*Asks:* 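Could you have a look at this structure, given as structure tokens, before my questions?
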There are 2 protein chains.
Amino acid sequence: MSEKRRVTLKDIAIALNVSPSTVSRALNGYHSISDETVRQVKEYAEKHHYVPNTLAVNFRKSRTSLIGLVVPHIVHHFFSTTISGVIETAKKQGYHVLVTQSGDVKDGEIFACRTLLGMGVDGLVISVSNETFVAEHLQDFLDEEKPIVQFDKITDHIHSPKVVVDDFDGAYQAVKNLIDNGYSKIAHLSGRLEVKNAQGRFQGYKKALKDHGLEFREEWVKGCWDIIESEGFDFTKELMESSNPPDAIFCITDLVALGALKYLKSADYEVPGKVGLMGFSNWMLSEYISPSLSSVDQHGFEMGERATEILINLIKEHSLGEDDLIEMKTELIVRQSSQKRL
Amino acid sequence: MSEKRRVTLKDIAIALNVSPSTVSRALNGYHSISDETVRQVKEYAEKHHYVPNTLAVNFRKSRTSLIGLVVPHIVHHFFSTTISGVIETAKKQGYHVLVTQSGDVKDGEIFACRTLLGMGVDGLVISVSNETFVAEHLQDFLDEEKPIVQFDKITDHIHSPKVVVDDFDGAYQAVKNLIDNGYSKIAHLSGRLEVKNAQGRFQGYKKALKDHGLEFREEWVKGCWDIIESEGFDFTKELMESSNPPDAIFCITDLVALGALKYLKSADYEVPGKVGLMGFSNWMLSEYISPSLSSVDQHGFEMGERATEILINLIKEHSLGEDDLIEMKTELIVRQSSQKRL
DNA sequence: CTGTTAGCGCGTTCAT
DNA sequence: ATGAACGCGCTAACAG
């Protein structure tokens with residue numbers, strides 16, 4: 001391997017018999033350089049494939065054009081969609097994204113944040129874990145003047161802009177759809193109510209019941225801990241075998257609804273008709289299962305996009321931003337599982 | 001905001017009245033430093049939250065601990081799984097991952113590679129696009145002594161280790177399963193045969209037919225261009241309405257199988273029984289649809305893991321590696337759609 | 001319009 | 001066992 005040392009500013013300067021700073025200025029489009037010099041420099045640079053040494057530039061400017069992204073899980077339809085939104089938006093503005101996953105646990109998140117900070121990211125986009133009730137690892141960013149934007153799963157333990165979906169309204173519309181289709185005994189498989197999203201959806205559920213004069217029963221609300229399929233299955237079994245079974249179930253997320261559906265089918269309940277079912281999040285598979293699952297779309301790409309736009313603006317204006325809460329509207333996707341009660 | 005300048009080596013040196021190099025050596029565990037000095041330095045560093053400036057370190061060592069990752073799509077169950085594998089493996093070794101997507105088009109891939117190279121990644125893990133028939137943008141990495149490892153979708157236009165799934169064997173086993181279940185007129189919805197994966201699966205399909213004395217008919221093979229659901233639907237319609245319809249279909253990927261299934265159901269073919277169906281890739285949803293879809297799992301996480309291990313080893317030994325081809329075994333996941341022919 | 005100088009924070013000789 | 005000095009490539013402040 002011959003010495004492939006890349007040409008540097010200095011090389012060009014020597015070759016053209018000018019100073020390195022002139023070359024730098026010519027290349028970076030300063031106005032105080034003669035057209036002729038600029039032409040010469042650019043031509044030489046082009047010809048010799050000059051590529052600025054990013055490491056040196058970053059070092060000098062002490063910024064990296066890197067933004068950190070932390071999500072609970074990468075293999076997850078909604079989050080992978082937001083990741084895509086973040087990356088594409090960053091790309092447009094000349095930023096790059098370091099993607100990490102917390103595994104939805106506190107320690108994973110702390111580790112991710114530490115290494116991201118260590119890598120010198122210019123800012124952070126994060127959807128916090130279910131266990132994030134302290135926020136020192138986030139405060140560390142702010143202490144270094146690096147902005148944070150939270151999205152989807154957020155915590156109030158840190159001051160930062162937040163981009164969320166209007167969970168309350170989304171849940172309200174979802175439950176209303178069930179009601180409109182004739183269901184009146186509506187159960188809810190919720191998440192941990194300390195988590196904002198879960199709380200919002202729970203409140204939307206309650207409000208919809210109330211507005212339509214339907215009764216709210218504690219025993220129709222089951223809290224999922226891990227938000228997985230088996231919880232949907234087990235809780236649904238429990239509900240349907242109780243002395244006062246519901247005729248519809250609104251689930252915190254599609255995966256849970258899938259578990260619910262599995263039980264309902266195994267126990268020969270007609271869905272829809274006998275039991276109505278509604279998910280949340282609009283996973284890809286919801287369109288393909290049978291019956292197809294009605295759900296609430298969260299526009300993940302747009303959320304990632306919005307959060308990233310805000311972050312990059314903050315980075316550019318050297319600001320940490322306000323405690324703003326941006327609520328994005330959801331979209332009710334009506335499919336088969338919530339169709340008319342028979 | 002008070003000046004939060006981080007403490008540097010020099011700060012510590014001055015405070016302790018030693019030289020910066022001593023501090024550097026003490027912190028990095030050189031042997032030629034007295035225990036006492038080491039103790040003092042470490043204590044001071046600890047107390048004042050000394051964090052090495054990664055930018056400076058990277059600049060000095062001219063390496064970033066960054067590896068670039070290019071996949072066709074992020075929102076894709078298989079690829080998001082491989083991304084996860086890459087990231088987790090990199091993390092274990094102290095590397096970070098810049099994730100990009102090519103959109104499965106040449107220009108997107110070239111752009112991604114250029115910016116990754118510009119960011120100074122130490123190496124590249126890539127699954128090339130369907131349009132990658134030239135490889136200058138990859139050669140650029142090798143020219144800078146930065147290793148590349150390809151995975152899943154690979155090209156021979158560049159010398160590098162490659163991690164793939166044994167498509168031939170996977171397809172063979174898949175088709176054999178259909179045959180074992182009594183199907184004998186087996187069609188294949190393939191991909192573009194110039195693409196390695198598609199070719200491998202096609203060959204495995206042919207070999208399985210041949211080994212079991214079944215006829216191979218050109219008109220039973222349909223080439224999907226975009227590998228999307230609608231192609232599965234349309235080609236299946238075409239096949240089933242032809243004068244000599246097949247009794248089973250082996251699809252290049254689950255999404256195509258889903259389209260096929262949609263048509264078969266809409267036209268009231270029993271699946272399985274009347275028509276057998278087999279996918280490839282084992283998407284998450286395949287487990288949940290009805291009938292559940294038999295498929296071939298590609299162990300995406302492990303592929304990402306393996307590719308990354310190889311890459312990091314190459315980086316560490318300053319090598320570009322050989323043209324090795326690592327073939328990972330697939331796993332046949334038998335579900336309902338390929339069950340016995342009636 | 002251009003050159004000179006200086007230094008970002010660190011690792012690494014070469015001395016001692 | 002330690003310090004002095006240098007330089008990585010680039011940008012910015014200060015002169016002219």
Side-chain angles (χ1 to χ4, degrees), chain A residues 3-42 44-45 48-66 94 117-120 122 144-145 318, chain B residues 3-42 44-45 48-66 94 117-120 122 144-145 318:
Chain A
E3 275 305 306
K4 291 254 184 187
R5 204 178 63 76
R6 299 206 271 195
V7 289
T8 69
L9 278 189
K10 204 197 272 182
D11 296 332
I12 303 181
I14 293 172
L16 265 43
N17 199 30
V18 293
S19 81
S21 22
T22 302
V23 179
S24 170
R25 289 188 277 238
L27 256 18
N28 293 313
Y30 278 57
H31 43 278
S32 64
I33 298 287
S34 75
D35 293 350
E36 174 57 13
T37 311
V38 171
R39 201 192 53 71
Q40 277 188 31
V41 169
K42 289 205 166 164
Y44 188 96
H48 294 262
H49 304 104
Y50 169 74
V51 187
N53 180 327
T54 321
L55 274 65
V57 177
N58 287 345
F59 171 51
R60 193 71 232 301
K61 298 197 172 164
S62 64
R63 60 126 177 90
T64 53
S65 305
L66 242 36
L117 198 55
M119 284 301 290
D122 294 341
E144 294 200 13
E145 314 282 308
H318 303 285
Chain B
E3 275 306 303
K4 292 253 182 184
R5 207 178 58 77
R6 299 207 272 197
V7 287
T8 68
L9 278 189
K10 203 198 271 182
D11 296 332
I12 303 182
I14 293 171
L16 264 43
N17 199 30
V18 292
S19 81
S21 23
T22 302
V23 180
S24 170
R25 289 188 275 240
L27 257 17
N28 294 315
Y30 278 55
H31 45 278
S32 64
I33 298 288
S34 75
D35 293 350
E36 176 57 13
T37 311
V38 171
R39 200 192 53 71
Q40 277 189 28
V41 169
K42 289 206 167 165
Y44 187 95
H48 294 263
H49 304 104
Y50 169 74
V51 186
N53 181 327
T54 322
L55 275 63
V57 177
N58 287 346
F59 173 49
R60 194 70 234 297
K61 297 196 171 166
S62 64
R63 60 129 177 88
T64 52
S65 304
L66 242 36
L117 198 55
M119 284 301 290
D122 293 341
E144 293 200 14
E145 314 281 309
H318 302 286

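Protein chains get the first letters and strands the later ones, always in sequence-line order, with residue 1 at the start of each. From a predicted model like this one, the values you see are computed outputs, not experimental measurements. No hydrogens, no waters, no symmetry mates; every other heavy atom, side chains included, goes into these values.
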*Asks:* Taking only the side-chain nitrogens and oxygens of Tyr30(B), find out if one of them lies under 4.0 Å from OP1 or OP2 of dG11(C).
*Replies:* no
*Asks:* Please determine, for the side chain of Thr8(B), which listed nucleotide (dA4(D), dG9(C), dG3(C)) has the closest atom?
*Replies:* dG9(C)
*Asks:* Would you say dC10(D) has OP1 or OP2 under 4.0 Å from some side-chain N or O of Tyr50(A)?
*Replies:* yes
*Asks:* Using OP1 and OP2 only, check whether a side-chain N or O of Asn28(B) sits under 4.0 Å from dG11(C).
*Replies:* yes
*Asks:* Is it the case that atom CG in Asp35(B) sees more than 12 heavy atoms from other parts of the structure closer than 6.0 Å?
*Replies:* no
*Asks:* When all nucleic acid strands are considered with a 4.0 Å heavy-atom cut-off, which category describes Ser21(B): base, sugar-phosphate, or nothing?
*Replies:* base
*Asks:* Rounding to a whole Å, what distance do you find between Arg63(A):CZ and dT11(D):C1'?
*Replies:* 11 Å
*Asks:* Side chains of Leu9(B) and Leu27(B), heavy atoms from C-beta outward: is any pair under 4.5 Å?
*Replies:* yes
*Asks:* Look at Ser24(B) and dC10(C) and indicate whether a side-chain polar atom (N or O) is within less than 4.0 Å of OP1 or OP2.
*Replies:* no
*Asks:* Please compare Arg60(A) and Pro52(B) by the position of their nearest nucleotide in DNA chain C and report the one closer to 5'.
*Replies:* Arg60(A)
*Asks:* Send over the distance from Asn17(B) CG to dG3(D) C1', rounded to a whole Å.
*Replies:* 11 Å
*Asks:* Do we count Phe59(B) as stacking onto dC8(D) if the rule is ring centres under 5.5 Å and planes under 30°?
*Replies:* yes
*Asks:* For the CG atom of Asn58(B) and the OG1 atom of Thr54(A), what is their distance to the nearest 0.5 Å?
*Replies:* 11.0 Å
*Asks:* Grab the CG-P distance between Leu9(A) and dG9(D) for me, whole Å please.
*Replies:* 10 Å
*Asks:* If you check every side-chain atom of Ser19(B), which of dG3(D), dC10(D), dT2(C) has the closest atom?
*Replies:* dG3(D)
*Asks:* Under 4.0 Å from OP1 or OP2 of dT2(D): is there any side-chain N or O of Thr37(B) that close?
*Replies:* yes
*Asks:* Decide yes or no on side chain to side chain contact (heavy atoms under 4.5 Å, CB included) for Val41(B) and Val38(B), but give the supporting numbers first.
*Replies:* CA-CA 5 Å; Val41(B) 169; Val38(B) 171; 5.9 Å; no
*Asks:* Please state how far atom CG in Leu16(A) lies from atom P in dT2(C), giving the value in whole angstrom units.
*Replies:* 12 Å
